[in-house]
Structure formats: C-alpha cells, structure tokens
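No hydrogens, no waters, no symmetry mates; every other heavy atom, side chains included, goes into these values. Residue numbers start from 1 in every chain, and the chains themselves are labelled A, B, ... in the order their sequence lines are given, proteins ahead of strands.
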Amino acid sequence: MGLAKRIIPCLDCDNGRVVKGVKFVDIRDAGDPVEVAKRYSDAGADEITFLDITASHEGRDTTIHTVEAIAGEVFIPLTVGGGIRSLEDIRTMLNAGADKVAINTAAVENPEFVRAAAQRFGSQCIVVAVDAKQVSAQGEPPKWEIFTHGGRNPTSLDAIEWITRMVDYGAGEILLTSMDRDGTKTGFDLALNKTASNAVQVPIIASGGVGTLQHLVDGVLEGEADAVLAASIFHFQEFTIEQAKIYMAERGIEVRVT
Amino acid sequence: MNKIAVIDYGMGNLHSVAKAVEYVGRELGEDIDVVVTADAAKIAAADRVIFPGVGAIRDCMAEINRLNVGQIVADAMKSKPVLAICVGMQALMNRSEENGGVDCLDFMPGDVRYFGSDLRDESGGRLKVPHMGWNQVKQTRPHPLWRDVPDNSRFYFVHSYYVQTENQKIVAGVTNYGAEIVAVLADDNIFATQFHPEKSQTAGLTLLRNFLQWDGGV
C-alpha cells in the first residue's frame, strides 16, 4: 500500500456559478460552487480544483468570496486558477483559503513569474496549468504545443519542453489539459500524459476528455498520471466520485476510500 | 474559552489551519478563539499552540529566527499542548538537508532528509517527488490524538524532505514512500505531523478535534 491516485473534480466558475463548456465554448450551468464542492468532498474527492473563467473585475471579488466560502466548509486541498497574474493575486487566493494556485497564461507571458512565485510561496502551492494541442500529423512522432487564453492563442512553445522548464523554475505540479480532448468525452490524450509524466519528477494531473470511468483508469495505467481531473461526468451526475473510486480500485489502482 | 494560537511567521497558508480548527470547534459546540499571530504575549496566553509551516526550510528558519519564534515555541513546549505541522515539524529537528543544509531549532532529536531524485517503490516503480497526496498512516503507538482515528487512515501529505530520528520512542506514526518514513512524532505535550490534518478531511478533523481536547498528557 502507498500513495493513492487522486480524483480531482474541477469546478469551472463564471460569475459565481459552476459551468462547463465543450472545447472551452458552449457553457452549461452546473450549480453553486460551494454546494458542489461540499458534495464532492463528502463523496470522497481527493482535492478540488476551482478554475475562475470570469472576465470582469467585479467578478474577481465574487471569486474571492466563493473561495473563502469553500475553504470554510471543505477540508481537502483546494487549487484555484484563472487570472493568477501576480504575486499579489497568489497572496490574495492563499489568504482566501486556497492551498495551491494554478498559473497558466501569466507563466507563458513571463516564465520568471513562476520562479518568483515558487520562491516566495514554495513549490508545493504552485501548479502550472498547461493547455496542449497536438500539432504533429498522423504518422509523425507526436508533438504538442501550448495555447493560452483558454486555448485561443497559440504560442509555438513545445509542450514537453515547456513543462520541463516550468518544473525547473519551481512548479510543484502540472495540470495538463489536452485541448483536443477537452469536452469531447473521448478520453485523455494518453500519449501526451505519459510523455509529460516521464519527463518530470513532479506529479501530473491529467485533464480533458473524460467521458467514462474507464477513461480515468486509462489515464492512470496508460497515461501514468498521478491524479485525474474531470468535470462534466461528475457535475451532471453521470457518475459519482464513489463509483469512480470503486471502479478504479477494482482495476488495481490504489485510491482513498472514505 | 479554549484559546488556540496559530503561530504566524509569514510562511504560507495558515488560514486553512485556522479555518479547520474553527470548524471543529463549532462542531464540538465549544467556545473557541483562534488567533493567527506571532505576538509572544498572545501565544503565551493561549491554551494550545499550533506551529505550522510550508515552503522552503531556509526561508522558514530565517523568519523563525528573525521573529524569535524559536523562543516562543520553546516556551509553549514547556507548558501546553503543541501541534506542529509539516515544515513546522521539520523546523523542530536538529538540521535539514534542504537548501544546502539549514540548522533548525533542535527541539527534537533527528534530521530532515531529501527523498532523492530516483525514488522507487518495492517493485522498482518510479515515485514522484514531492510526495503529494493521500497516504496511509500506521499508528505505531497509542496516543490521545489517535482517538477515533482508524489505524492506516489516509492523510494528505505534500513534502520533498522527511524526518529521520534515532529515537524510535518518539515515533507515533509512519507512512510508506520508497521506505517507511516518519509521519508523526510525539513526545510529552508535543505532537508533530508531516501530513496536513487541516487538509485531511474526516481523519484530519478528528485529529484536530482531539487536539482541542488534549491536556498534553499521554
């Protein structure tokens, strides 16, 4: 027995509501984030990831209050991402009760920000979120590039090189989303996850594409992910966290049973 | 009134600890006052003291020394229940290998070592560092803080360095990551955890509840 593989439900939030889009568009409402987080925690979620996709400035205050409310009710690790652009933003979220922050676009615009953040707050609370899309054609050796601004902007940065660099700069964990798979329910990009997981020493959270419980199993056994993140299969009650854990345990994956 | 002081030396997220203690207090129906502070007088006035810590040990020790937190912790250790968490626990040891070697408070016997860059499980599988996530804690001796916590419960860990001690008598819990490592040290009125009880849901909250009711005896 040893360390359990983690199941992390992800709450994409817009103006204080949980939403879930397909390929980052076509948003559906999935409830109040505090209630949803509490439900997941009670059901045995190992962590909660809260991604703020609110654009407006007023929305940021809503987000801070939501994070505070979640942190007062839910006693498992809480990662907050979306719009984390400065050390002050990180401080604000940690003070609100987040345990980790996920940095995405700001890392691409200024990689040194990640180094400064890890030095100031410690690697354990710095997650670098990477949105990757396959750019190699079929038959070529696989190659992925990273995209920013919710997947809209290409950067021409090689995803695996970027992840390695971010870990060198102090990222304590990588949240790796396949843009090709996100919202499609066709499973994780296993080659992407496996390549990334073998390239670095820190944990990789696989994200994007979960549609069945078998996809979670594949992410761990074939994608070599340390944690699996999913949103819509849990939000819309297709499966519960308990079902996911039982399914994974039956296939030989060590999970935390509550 | 049960006064709990969470020692604030500017390192990382102390709000999680305070919020978890407040939550547990409400559940107990107890009148709990949680202060997050580095003020020696306030800590001296508390019934129980929590010594948390996250981040790199060099920065933690620099702030501990600058704010004279070592003396504050030493005073608390003389007279009241103290719960040290994660880097707070590591800071109590003699020395840490982190950051090229850092002298710690030397309040407990032992050192802090790196997991290494090629950590393997029993079957040779690669283990990631940091040790991040939920691992089982085997209770190696009875303790009031283990009350109602099932043996081998999972707690949330996040660390790249671990405590090693020659004095097995003070080890109260172990976990397995590459090898068997210390998860809990307990000595008189001190209880020190490598994991984060405040992030360990039911098992962690139970442990915190026990701490709120602990008189420091064994």
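In summary, A:Glu254 and B:Arg154 engage in a salt bridge, as defined by a charged side-chain N under 4.0 Å from a carboxylate O.
A 4.5 Å side-chain heavy-atom check between A:Lys100 and B:Met132 finds at least one atom pair inside the cut-off. Side chains of A:Asp99 and B:Ser16 form a contact here, defined as non-hydrogen atoms less than 4.5 Å apart. Inter-residue side-chain proximity for B:His15 and A:Leu94 is flagged as unmet; no heavy-atom pair is nearer than 4.5 Å.
Not counting sequence neighbours, the partners of B:Tyr23 by the ring-ring contact (aromatic ring centres under 6.0 Å, His included) test are A:Phe75.
For chain B, no part of A:Ala227 is nearby; none of its heavy atoms comes within less than 4.5 Å. In this structure, chain A has a heavy atom under 4.5 Å from the side chain of B:Arg26, while its backbone stays farther away. In this structure, no portion of B:Asn152 lies under 4.5 Å from any heavy atom of chain A. Residue B:Thr202: no heavy atom, backbone or side chain, is found under 4.5 Å from chain A. Contacts between B:Thr175 and chain A at a heavy-atom distance below 4.5 Å are absent for every atom of the residue. Both the backbone and the side chain of A:Asp46 come within contact range of chain B, judged by heavy atoms closer than 4.5 Å.
Closest approach of A:Val202 and B:Pro130 over heavy atoms only: CG1-CD, 4.1 Å.
Interface remark: of the candidates A:Gln119, A:Glu73, A:Arg6, A:Lys5, A:Arg6 forms the most heavy-atom pairs closer than 4.5 Å to chain B. Per-residue counts of heavy-atom pairs under 4.5 Å with chain B were compared for A:Pro77, A:Ala4, A:Gly122; the largest is that of A:Pro77. Per-residue counts of heavy-atom pairs under 4.5 Å with chain A were compared for B:Val158, B:Asp121, B:Val87, B:Val129; the largest is that of B:Val129. Ranked by heavy-atom pairs shorter than 4.5 Å toward chain B, the options A:Ile76, A:Val74, A:Asn198, A:Thr258 are led by A:Ile76.
Without hydrogens or angle criteria, B:Lys128 side chain to A:Gln201 main chain gives no donor-acceptor distance under 3.5 Å. In this structure a side-chain-to-backbone donor-acceptor pair under 3.5 Å is present from B:Lys19 to A:Glu68.
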